[in-house]
2 protein chains.
Amino acid sequence: MDAAERLVESTRELLWERGYTGTSPKAIQQRAGVGQGSMYHHFAGKPDLALAAIRRTADEMRAKAEAQFSAPGTAADRIAAYLRREREVLKGCPIGRLTQDPDVMADPVLRAPVDETLAWLRTRLAELMTEGRERGELDAALDPPTTAATVVATLQGGYVLARAADSVHPFDQAIAGVLGLLAAHVSAAPTDEGPPVPRA
Amino acid sequence: MDAAERLVESTRELLWERGYTGTSPKAIQQRAGVGQGSMYHHFAGKPDLALAAIRRTADEMRAKAEAQFSAPGTAADRIAAYLRREREVLKGCPIGRLTQDPDVMADPVLRAPVDETLAWLRTRLAELMTEGRERGELDAALDPPTTAATVVATLQGGYVLARAADSVHPFDQAIAGVLGLLAAHVSAAPTDEGPPVPRA
DNA sequence: GTCTATACGCGGATAGAC
DNA sequence: GTCTATCCGCGTATAGAC
């Protein structure tokens, strides 16, 4: 791995752990094992490096989500699988956390990938829900755009609760809670299981 | 208002706007219109001042929430009223945002009020739901602890989505979404309205 | 491409005068 | 109680040698 690559990876880690304001060029260089001069040769400065790091993290996050969304199964199954996917809960969402960084939000270039990623997630979930409704897998009373926003918000808020409590438990509860609420809108017809059971 | 008071208020504002790492003693002093010496006379340093600010914000937040929770009306009404209450959405949650501040989370003293506030909120909402179930206002299938976590997470995550989009719209959608999901569990019996209508 | 040197203001405080 | 002076290291680069 060359210097530029190590710099981007170190920046990604530090942005996740400490945010933009809390991350200094010096810390990035040290973690990457790269000198001052080298960093400024490859990147114009902290914002430039942060942009590369944020873009990569955003791309990765979309790819991981899309893998769940385009898997086989009913819409409800895929949404549930996405919600239950393994996550580094206590570290929080590497994209969502940037939302609290005033210097990131103040810079349209840095903000764009954050905005786009979260907007894409909502859109994609709403599409899945619409698809599920059309196939009769989901109750017609379920409103895709608002419900999709709720699902993404539950994830983002779940991270907040987990970090506050220093425990994954509230995150798991929040997920179990939405899944329970959504279950009331899943048509039991196509499956041969019993009625939905209340989950922990 | 004396110097100590102005310092605490300025700190509250800055913690909300810029977080702990992004807030310097100098910035606090300038906003408060107070000199260096005065600040260090009244407070031991940045963490001490932050503690006073965080505690006050936490107390205020609980008081505002409790005002909704203990109002007259059914449990569902009070939960809905709490969710729909006016908020400075684009500024985010002054308590929830601290969750992203590594220096706050690393200090047990600073972290405690954040943890307690969010834990209290979940507990209180779960109590309301239990009460509603016992009175037959809410469906017995609704699980109070997990659903309460979902409700708080939706709020916290709604702030994240709104800040990312620089628009209150996704926040409003997320709230509308949970309210829609919860509506399926509200017993229609005691009211004389028609069946729940899908909301925007 | 990478290193070392240099710069200048800020972050976060302490000391002592008034 | 509040002010001014002083401190030291960090944040965020730029310059120029190798």
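Numbers restart at 1 for each chain; the letters A, B, ... are given by sequence-line order, proteins then strands.
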In whole angstroms, how far is the [atom2] atom of [N] from the [atom1] atom of [X]?
X     : N      : atom1 : atom2 : result
A:D48 : D:dT12 : CG    : P     : 15 Å
B:F43 : C:dA13 : CZ    : P     : 14 Å
B:K26 : C:dT14 : NZ    : P     : 16 Å

Would you mind telling me which of [options] lies closest to the side-chain atoms of [X]?
X     : options                : result
A:Q36 : D:dT2, C:dG12, C:dA5   : C:dA5
B:S24 : D:dT12, C:dG11, D:dA13 : C:dG11
B:P25 : C:dA13, D:dT2, D:dT12  : C:dA13
A:H41 : D:dT12, C:dG12, C:dG1  : C:dG1
B:A3  : D:dT2, C:dG1, C:dC10   : D:dT2
B:Y40 : C:dT2, C:dG12, D:dT12  : C:dG12
B:S38 : D:dC3, D:dT14, C:dG11  : D:dC3

- prompt: Any idea which heavy atoms bring B:P145 and A:Q173 closest together, and the distance?
  reply: CB-NE2, 3.7 Å

task: Select base, sugar-phosphate, or nothing to describe what A:T23 touches, counting heavy atoms under 4.0 Å on all strands.
output: sugar-phosphate

- prompt: Checking all strands, does A:G37 fall into the base, sugar-phosphate, or nothing category for heavy-atom contacts under 4.0 angstrom?
  reply: base

query: Taking NZ, NE, NH1 and NH2 as the nitrogens, is one of them in B:E131 or B:R78 under 4.0 Å from a carboxylate oxygen of the other?
result: yes

statement: Members sharing A:W16's hydrophobic cluster, built from side-chain contacts under 4.5 Å between Ile, Leu, Val, Met, Phe, Trp and Tyr, are none

message: A side-chain contact here means heavy atoms from C-beta on lying under 4.5 Å apart; do A:R18 and B:D103 qualify?
response: yes

